[in-house]
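All values derive from a computational prediction rather than experimental measurement. By convention in this document, chain letters (A, B, ...) are assigned in the order of the sequence lines, proteins followed by strands, and residues within each chain are numbered from 1.
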2 protein chains.
Amino acid sequence: MGRPKQFDPDAAVEQAMQVFWRKGYAATTPQDLVDALGIGKGSLYNAFGSKHALFERALVRYRDGQAQALIDLLEQSGSVKDRLRDALRLLVELDLGDPDRRGCLAVNTAAERAMTDEAATELVRRMFDRTEGAFRALIEEGQRAGEVASGRDARAIGSQLLATAVGLRLLARVAEGPDRLSRVIDATIDSL
Amino acid sequence: MGRPKQFDPDAAVEQAMQVFWRKGYAATTPQDLVDALGIGKGSLYNAFGSKHALFERALVRYRDGQAQALIDLLEQSGSVKDRLRDALRLLVELDLGDPDRRGCLAVNTAAERAMTDEAATELVRRMFDRTEGAFRALIEEGQRAGEVASGRDARAIGSQLLATAVGLRLLARVAEGPDRLSRVIDATIDSL
DNA sequence: CAAATTTTGTACCCACAGTTCAAGAATTGA
DNA sequence: TCAATTCTTGAACTGTGGGTACAAAATTTG
């Protein structure tokens with residue numbers, strides 16, 4: 001019943017996510033979104049209700065795509081240290097390879113929207129929780145395999161790795177080259 | 001000659017810094033600044049020229065005050081690990097004690113303004129450089145004192161500590177309690 | 001084909017961001 | 001005291017942010 005949408009909502013959310021990622025929430029205007037999505041303002045508000053609602057959908061999409069990708073990487077096979085190093089290296093490579101240097105949308109959102117946007121903050125918190133959990137699981141696996149000293153607190157190391165990854169992606173936003181970021185990875189692996 | 005200013009420019013920049021810190025750059029309006037500074041709009045623009053110019057002055061003030069404070073802390077006396085732990089703990093304590101949970105202005109600015117604000121980005125870069133240098137110097141001191149393994153690359157550990165501190169302050173913006181942040185500190189000290 | 005729904009894009013709206021300006025007030029020097 | 005100078009205040013201005021209203025058009029169901 002009724003006329004079907006002329007555009008793919010998923011593709012539209014994807015485009016919106018790209019814009020929010022590049023410009024941040026406050027600096028993104030409805031006009032930016034209309035331009036990027038290639039639909040009229042009326043369609044945009046009819047389909048998504050508000051700028052903020054669209055932002056939330058963009059965050060969810062980010063979580064299910066980008067944020068999940070890191071976790072998947074960590075759950076592959078191979079030596080624990082190798083997997084961790086590879087994952088962090090890929091992160092740095094992607095960040096520095098991005099001409100817009102957008103870093104991580106979750107990190108940027110935490111910085112910009114914490115305390116004023118409960119929905120966004122909660123989504124970001126959950127993403128951080130999951131990432132920390134994946135790091136912790138990896139460390140526990142490393143301990144079982146004898147790659148990581150069993151005496152250390154796997155949960156604490158998981159938190160530490162989360163902080164490092166978050167710091168890495170924030171630093172990537174202003175980094176002039178790969179050197180500092182590479183050093184972070186080296187020292188991180190070396191400290192396990 | 002001429003009518004003297006009715007307000008203290010330093011105090012005004014301090015107030016502006018507090019507002020930018022709490023709300024971010026884009027979300028801070030001239031009206032917010034006028035309210036916080038207690039002066040008229042005309043005076044504001046007469047004294048500082050533009051919102052952006054005032055933001056730069058606020059960042060410089062942050063660098064000379066807040067950012068320098070951490071570096072000073074690291075240069076005190078005592079065991080290297082104790083100093084590092086104390087400094088990180090103080091950071092977490094301040095962040096969680098702040099009712100607005102503003103985190104670090106340099107970190108927030110990197111997230112919000114990188115790639116669109118060269119002056120701000122450059123200021124933030126320099127702050128990160130200095131902090132990294134202070135961490136590195138601390139590690140080198142620890143190596144001379146036999147507190148830190150001499151075989152490890154002090155520069156890399158310095159970078160790693162910078163990433164950790166940055167991540168810590170970003171996480172503080174969305175943290176629900178001190179647990180995760182405390183674990184980060186424990187694992188960090190434990191890894192030296 | 002008719003009826004019912006939904007989409008679309010344009011036009012429109014109000015508030016406010018960011019800035020400028022004119023008029024007046026305080027100061028110093030002559 | 002006048003002139004020159006620098007500051008203050010608040011009104012005014014321009015552009016845009018974020019969103020709504022609407023009429024026309026497009027599809028689906030029956």
Side-chain angles (χ1 to χ4, degrees), chain A residues 1-59 105 108-109 112-113 115-120, chain B residues 1-60 108-109 112-113 115-120:
Chain A
M1 45 160 126
R3 177 180 174 178
K5 279 196 169 57
Q6 301 281 123
F7 63 93
D8 176 2
D10 279 347
V13 173
E14 169 71 25
Q15 289 308 310
M17 180 190 83
Q18 299 291 342
V19 177
F20 283 127
W21 196 352
R22 177 159 44 81
K23 308 193 65 167
Y25 179 79
T28 296
T29 71
Q31 192 56 47
D32 291 330
L33 294 168
V34 162
D35 292 345
L37 274 58
I39 64 178
K41 240 185 192 178
S43 299
L44 194 160
Y45 277 87
N46 174 62
F48 301 108
S50 71
K51 175 184 168 183
H52 186 263
L54 181 52
F55 181 60
E56 281 184 45
R57 294 199 50 176
L59 270 185
L105 179 58
N108 299 348
T109 299
E112 185 188 352
R113 306 285 300 161
M115 294 292 95
T116 52
D117 185 340
E118 189 47 50
Chain B
M1 43 161 100
R3 180 173 175 175
K5 280 197 167 58
Q6 310 245 264
F7 63 92
D8 176 1
D10 278 347
V13 172
E14 170 70 25
Q15 290 308 311
M17 181 189 83
Q18 300 290 343
V19 177
F20 283 127
W21 196 353
R22 177 158 45 80
K23 307 194 63 167
Y25 179 80
T28 296
T29 70
Q31 192 55 49
D32 291 330
L33 293 167
V34 162
D35 292 345
L37 274 57
I39 63 180
K41 255 186 197 174
S43 297
L44 194 162
Y45 277 85
N46 174 62
F48 301 109
S50 71
K51 175 184 168 184
H52 186 262
L54 180 52
F55 181 59
E56 281 184 45
R57 294 199 51 176
L59 270 185
V60 167
N108 299 347
T109 298
E112 185 188 352
R113 305 287 299 162
M115 294 291 95
T116 51
D117 185 339
E118 188 48 49

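Residues from residues 32-57 of chain B that place a heavy atom under 4.0 Å from any atom of DNA chain D, listed by number: Gly40(B), Gly42(B), Ser43(B), Asn46(B).
When side chains are defined from C-beta on, Arg57(B) does not count as touching Met17(B), because their heavy atoms never get closer than 4.5 Å. Side-chain contact between Asp117(A) and His52(A) is present, with heavy atoms from C-beta onward closer than 4.5 Å.
In this structure, Arg113(A) forms a cation-pi arrangement with Tyr25(A), its terminal cationic atom sitting closer than 6.0 Å to the ring centre and no more than 45° off the ring axis.
Here dG17(D) presents its C1' atom at 17 Å from CD of Gln31(B), a figure rounded to the nearest Å.
In this model, no donor atom of one side chain and acceptor atom of the other lie less than 3.5 Å apart for Ser43(B) and Asn46(B).
Interatomic distance, CZ of Phe20(A) versus CG of Asp32(A), reported as 9.0 Å (0.5 Å rounding).
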